[in-house]
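Counting starts at 1 for both ligands and their atoms, in listed order. Please read these numbers as outputs of a predicted model, since none were measured by experiment.
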Amino acid sequence: MKTITQLRQQFIEGDETPVGALADTMKVINEKDTEIHAFLDVYDDAKEVAESATEAFGKKDYESKPLLGVPIAVKNNILVKGKRATGASRILENYIASYDATIIEKLKAAGAVIVGSTNLDEFAMGGSTETSAFGPTKNPHDTSRVPGGSSGGSAAAVAMGAVPIAIGTDTGGSIRQPASYCGLVGIKPTYGAVSRFGLMAMGSSLDQAGVLANSVADAEVVLNVMKGQDESDMTTVSSDTYPEVPVKETYTIGVPRSFLKDGIDRDVMERFEAHLESLKKDGHKIVDIELPLFEAGLAAYYIVMPAEVSSNLARYDGIRYGVRKEGEDLLDTYLESRAQGFGPEAKRRILLGTYVLSSGYYDAYYGKAEAVRTLMREELSQVFSNVDLVITPTAPTPAFKLGEKEDPLSMYRQDIFTVPVNLTGVPAMSLPMEEVEREGKMLPVGVQYIAPHNGEARLFDIGKKVFDDRQA
Ligand code: GLN
């Protein structure tokens, strides 16, 4: 798959056109997506957008549009005006978005050709795309395995070669973990760097949209288009909210050793150690650090997140939004609509969240989890006074088999390294390491770099050094 930079070069030189690039995208979708099921909808009107982009290149009118003619796919929990926005839930099966999310407005203004929407775990709740009401997505590297989740459709769309770029959302790892399982670059920005206006809220204090790509440089171009303060989202930050995080020649990189002790596959750990060695060879300094509270990350996340989920999903009641199942009276209509509209994982989290927020339990669970979160943030900022970046594997294993993780807790454990990042609001990026072998197939695994708040430029810098430049 060509990178955006390569595509743009070809568009400018006339060796390729946006119409041609879109035709390539459609060809891959037609050939592969019956099996992979990365897409929920493919947009017919993408053709008109590609045609006008082709014309614009003809007139040399492309300077102000960094994504002109670039085909991209968007996770289906992000609103695109006039298109189905399902959240991969039965309850929104026929819901049509009445406006564009701020990030969609920005992508369109930059000239992107949105080719379709991608599959996800229901309302982004899951780590495998198996909780989608419309059936799972498969991993293009091995179709007996999951692509990860919840942005599994976006990851698979890029990994199968349909699009160079896809947009995902990340509440506890949903961009980075599928990037790891599908061999891609995946970035979750600083909380507030990108507007959440027009995103279906899962955990509002944790959610961020970000990018899945084949190269760090591509992810950077797209994130730069999407980011920025938005008057429709009060939680967005401006460029001077956090101190500047400078880019350096070489970095001091902290490894939270005691956090990496159990549950990681041996060969994943070997790839990680080899990656650390390669960093040392390049002149970076690797030091051991302690982040004891990170071990409480999963426990805190699985209280804070469902609490926010239970509140955010209250709006899907068959009256204000969602498919309505008429009952005998109003209460019955609510109960029936929600009972039939939500899948088991959504129900589990609504119940959990309602429980931890109920009077009598609020202080014991929700209050404690929020307190842990504050302490984690302090602990991390202490660490960042001594190191430039923190590094971990992205996930403890490569992609698992479809149906393998029936026990929800075993699925939740895949997020052990990613959730502390959302709880503390810092940016992080997953990059592919050397692959590992399972049953004769080579499977990707990722390494996660974590930077201080506002440290995206630093992530892109190290990412280009250790990934893009080594690929070239
Ligand atoms: N897998 C995590 C969960 O199930 C993260 C989901 C996400 O980031 N949207 O909550």
Side-chain angles (χ1 to χ4, degrees), residues 74-78 87-89 118-132 136-137 146-155 166-182 186-189 191 194 196 199-212 297-310 312-313 342-353 356 369 373 394-397 399-400 404-430 446 448 450:
V74 177
K75 188 177 180 178
N76 202 217
N77 60 349
I78 302 172
S89 180
T118 57
N119 200 11
L120 64 149
D121 282 293
E122 184 173 8
F123 288 116
M125 294 188 271
S128 66
T129 318
E130 292 168 294
T131 72
S132 166
T137 297
V146 303
S150 61
S151 311
S154 289
I167 307 305
T169 61
D170 189 314
T171 304
S174 281
I175 289 174
R176 291 158 286 156
Q177 184 253 30
S180 174
Y181 288 5
C182 289
I187 175 137
K188 190 235 46 122
Y191 181 78
V194 171
R196 291 182 294 109
L199 269 54
M200 290 177 195
M202 175 181 160
S204 309
S205 75
L206 305 156
D207 300 342
Q208 270 293 285
V211 191
L212 291 131
L298 264 188
Y301 175 78
Y302 276 95
I303 291 175
V304 172
M305 175 274 296
E308 296 185 12
V309 161
S310 70
N312 279 324
L313 266 49
F342 289 127
E345 187 62 26
K347 285 178 185 157
R348 181 178 301 126
R349 295 188 191 205
I350 292 169
L351 288 174
L352 249 178
V356 300
R373 195 174 175 184
T394 306
T397 70
F400 47 90
E404 184 184 322
K405 299 216 183 283
E406 280 181 355
D407 163 25
L409 288 182
S410 75
M411 181 90 73
Y412 298 171
R413 273 197 286 274
Q414 293 293 314
D415 302 328
I416 182 157
F417 304 127
T418 49
V419 297
V421 166
N422 302 71
L423 287 167
T424 52
V426 292
M429 180 173 61
S430 180
Q448 171 177 245
I450 307 171

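- Taking any N or O of A124, backbone or side chain, at least one lies under 3.5 Å from an N or O belonging to ligand 1.
- At the shortest separation from atom 2 (C) of ligand 1 among protein heavy atoms lies D415 OD2, 3.0 Å.
- With sequence neighbours excluded, the residues forming a side-chain contact (heavy atoms from CB on, under 4.5 Å) with A166 are A73, S154, V158, listed by chain and number.
- Looking at Q414, its side chain never comes within 3.5 Å of a backbone N or O of A395 through a donor-acceptor pair.
- Between G172 and ligand 1, a contact under 3.5 Å exists for at least one N or O pair.
- Distances from ligand 1 to the non-hydrogen atoms of Y412 include no value under 4.0 Å.
- Contacts with ligand 1 closer than 4.0 Å are made by side-chain heavy atoms of Y302 only, the backbone lying farther away.
- When atom types are taken as modelled, the side chain of T418 and the backbone of G172 share a donor-acceptor pair closer than 3.5 angstrom.
- Short contacts between ligand 1 and D170, defined as distances under 4.0 Å to a heavy atom of the residue, involve ligand atoms 8 (O).
- Side-chain atoms of K405 and S410 include no donor-acceptor pair closer than 3.5 Å.
- Here the side chain of E122 pairs a donor or acceptor atom with the backbone of G343 at under 3.5 angstrom.
- At least one heavy atom of R349 sits under 4.0 Å from some atom of ligand 1.
- For ligand 1, the atoms lying closer than 4.0 Å to a non-hydrogen atom of M202 are 9 (N), 10 (O).
- The shortest contact between atom 5 (C) of ligand 1 and any protein heavy atom is with Y301 OH, 3.4 Å.
- Ligand 1 has a nitrogen or oxygen under 3.5 angstrom from a nitrogen or oxygen of G173.
- Polar contact check, G149 against ligand 1: no nitrogen or oxygen pair lies under 3.5 Å apart.
- Remark: minimum distance from atom 6 (C) of ligand 1 to any protein heavy atom is reached at S174 OG, 2.9 Å.
- Counting only distance, with no hydrogens or angles, the side chain of D121 and the backbone of S128 share a donor-acceptor pair below 3.5 Å.
- In this structure a side-chain-to-backbone donor-acceptor pair under 3.5 Å is missing from N119 to T129.
- By the side-chain contact (heavy atoms from CB on, under 4.5 Å) test, A300 is found to be paired with A369, V372, L423, residues two or more places apart in sequence or in another chain being considered.
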